[in-house]
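Hydrogens, waters and symmetry mates are skipped; everything else that's a heavy atom, side chains included, is used. Chain letters run A, B, ... following the sequence lines, proteins first, then strands; residues in each count from 1.
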Protein chains: 2
Amino acid sequence: MSKLPEDLPECMVFLLGKAYQKAHGNFKKQLKNYGLTNMQHLVLEGLWYDEGMTAAELCKLLIMDKATASGILERMVDTGWIIKKPDPDDGRIQKLYTSKKANQMKEKLIDERKKANKHILKKFTLEEQLLLKRLLRDLI
Amino acid sequence: MSKLPEDLPECMVFLLGKAYQKAHGNFKKQLKNYGLTNMQHLVLEGLWYDEGMTAAELCKLLIMDKATASGILERMVDTGWIIKKPDPDDGRIQKLYTSKKANQMKEKLIDERKKANKHILKKFTLEEQLLLKRLLRDLI
DNA sequence: GATTAATAGTTCGTATACAAAGGATTATTA
DNA sequence: TAATAATCCTTTGTATACGAACTATTAATC
């Protein structure tokens, strides 16, 4: 006999997936007001940390597949959030920069992620928060 | 000044998403040998728990969007993992059943998830494992 | 210096994920 | 019972996610 409601909460793939879905779902709604997605927001934060990164570098930082990145970056160029500049020294590379539009919203956007994070974690004690983050980092 | 490598590990949406990706990525490879995806595997486990569920009931159990389920179930019918039977009492409903093909692999498939789960958690002490699962459940 | 290997990106195919709208059917209610 | 609401499911459109194959370009090696 196979159980499930008892087994499901034991399955990490399930737990992680659904916890992510829940957390992502809320943040997503907030970001929709800006016309951004979570991954697009992460790209901006990545570039604010190190303006001029290549797609490959960004992929490494954000643990993102290059094929996935290709589409995300294309949409962000189309919607005016980032700019691609070819590298004169290496024809394979395009360096990535945030746009004026993005930089004007920088403070607000960074604050949105902080708020979302607090909202997700507010049900935990500070100890639990630190512990959860440590355990998740160990999984990555 | 915006940081990122210091801030990223603080962001729950990021941590949860990447931890899920990592865990899912490994399980995915194992399941590929069977021609199944994680969600399709979950559908089978759901139906083994309660054969004859409707799509709506399954969605509730697996915390899955109905639109998402629609596609998954269609593919699983096409590949012969499940069967849809119309309900004579309610024309809106189709009851879902696992196929012979699925039931023949039942033990193996259930074992695959257990193995995957162990593999994901092996780096933690038993205490940490229980704690992590509790914290994740609280997030859902 | 020509061949081979490695790297950067793109493109394609498939599978979620989900908002929104639509069609069919059943339940409710005035 | 006719009109309305609720439910079930599908379809459409957009955004990841990622394996695999492909192009272009640079690096390595013989």
Side-chain angles (χ1 to χ4, degrees), chain A residues 13-14 16-29 31-43 53-60 62-79 81-82 84-96, chain B residues 13-14 16-43 53-60 62-79 81 84-96:
Chain A
V13 181
F14 178 80
L16 288 168
K18 297 312 171 181
Y20 165 69
Q21 268 180 36
K22 179 95 176 280
H24 176 237
N26 289 325
F27 189 38
K28 188 188 190 180
K29 283 175 195 164
L31 284 184
K32 195 172 183 182
N33 301 324
Y34 299 88
L36 277 174
T37 65
N38 173 50
M39 283 312 297
Q40 293 176 3
H41 189 283
L42 280 173
V43 166
M53 263 191 290
T54 67
E57 290 166 341
L58 195 60
C59 284
K60 195 184 231 175
L62 301 181
I63 313 176
M64 180 173 42
D65 188 85
K66 64 189 174 182
T68 304
S70 193
I72 293 173
L73 295 174
E74 187 192 9
R75 281 185 289 279
M76 290 184 77
V77 168
D78 290 346
T79 47
W81 289 105
I82 62 169
K84 284 184 182 177
K85 291 185 186 172
D87 185 324
D89 298 334
D90 191 335
R92 298 169 297 183
I93 290 174
Q94 285 181 312
K95 296 198 170 187
L96 303 170
Chain B
V13 180
F14 179 80
L16 288 169
K18 298 310 170 182
Y20 166 69
Q21 267 179 38
K22 180 95 175 279
H24 176 236
N26 290 325
F27 188 38
K28 189 188 189 177
K29 283 175 194 163
Q30 287 311 114
L31 284 184
K32 196 174 184 181
N33 301 324
Y34 300 87
L36 276 174
T37 65
N38 173 50
M39 281 314 295
Q40 294 175 3
H41 189 283
L42 281 173
V43 166
M53 263 192 289
T54 66
E57 290 166 342
L58 194 62
C59 283
K60 195 184 231 174
L62 302 181
I63 315 176
M64 179 172 43
D65 189 85
K66 63 192 174 180
T68 304
S70 194
I72 293 173
L73 295 175
E74 187 192 8
R75 281 185 288 280
M76 291 184 77
V77 168
D78 291 347
T79 48
W81 290 105
K84 284 184 183 179
K85 292 184 185 173
D87 186 325
D89 299 333
D90 191 335
R92 296 168 298 183
I93 290 175
Q94 284 181 311
K95 295 197 168 187
L96 304 170

Roughly, in whole Å, what's the span from [atom1] in [X] to [atom2] in [N]?
X	N	atom1	atom2	answer
D65(B)	dT10(D)	CG	P	12 Å
D78(B)	dT14(C)	CG	P	13 Å
R75(A)	dT14(D)	CZ	C1'	8 Å
H24(A)	dA15(D)	NE2	C1'	9 Å
L62(A)	dT16(D)	CG	P	12 Å
K29(A)	dA17(C)	NZ	P	16 Å
F27(A)	dA17(C)	CZ	C1'	17 Å
L16(B)	dA17(D)	CG	C1'	17 Å

Between [atom1] of [X] and [atom2] of [Y], what distance do you get to the nearest 0.5 Å?
X	Y	atom1	atom2	answer
M76(B)	M39(B)	CE	CE	9.5 Å
K95(A)	D89(A)	NZ	CG	7.5 Å
D87(A)	T54(A)	CG	OG1	9.0 Å

Between G91(B) and K32(A), just flag the one whose closest nucleotide in DNA chain C comes earlier from the 5' side.
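The 5'-side residue here is K32(A).
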
Between D89(B) and M39(B), the residue closer to the 5' end of DNA chain C by nearest nucleotide is M39(B)

Angle, rounded to 10°, between the helical axes spanning five pairs at each terminus of the helix from dG1(C)-dC30(D) to dA30(C)-dT1(D)?
10°

Considering residues at least two apart in sequence or located in another chain, which fulfil the side-chain contact (heavy atoms from CB on, under 4.5 Å) criterion with T79(A)?
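With neighbours one apart ignored, the set is W81(A).
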
Donor-acceptor contacts under 3.5 Å from residues 18-25 of chain B side chains, at least two apart:
unit_1, atom_1, unit_2, atom_2, d
K18(B), NZ, L62(A), O, 3.3
K18(B), NZ, I63(A), O, 3.0
K22(B), NZ, L139(A), O, 3.4

side-chain hydrogen bond (donor to acceptor under 3.5 Å, both in side chains) with R92(A): which residues, sequence neighbours excluded?
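With sequence neighbours excluded, R92(A) shows a side-chain hydrogen bond (donor to acceptor under 3.5 Å, both in side chains) to D90(A), given in chain and number order.
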
May I have all residue pairs that pass side-chain hydrogen bond (donor to acceptor under 3.5 Å, both in side chains) and include part of residues 26-36 of chain B, sequence neighbours excluded?
Y34(B)-E112(B)

Between protein and nucleotides 4-13 of chain C, map the contacts as a letter string: B base, S sugar-phosphate only, - none, heavy atoms under 4.0 Å, written 5' to 3'.
--BBSBBB--

Might you point out which heavy atoms bring A55(B) and L73(B) nearest each other, and give the distance in Å?
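So the two residues come closest at CB-CD1, 3.8 Å.
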
Looking only at side-chain N and O atoms, does Q21(B) come under 4.0 Å of OP1 or OP2 in dT16(D)?
no

What do the steps show when you test I72(B) against M64(B) for side-chain contact (heavy atoms from CB on, under 4.5 Å), and what is the final call?
CA-CA 10 Å; I72(B) 293 173; M64(B) 179 172 43; 3.8 Å; yes

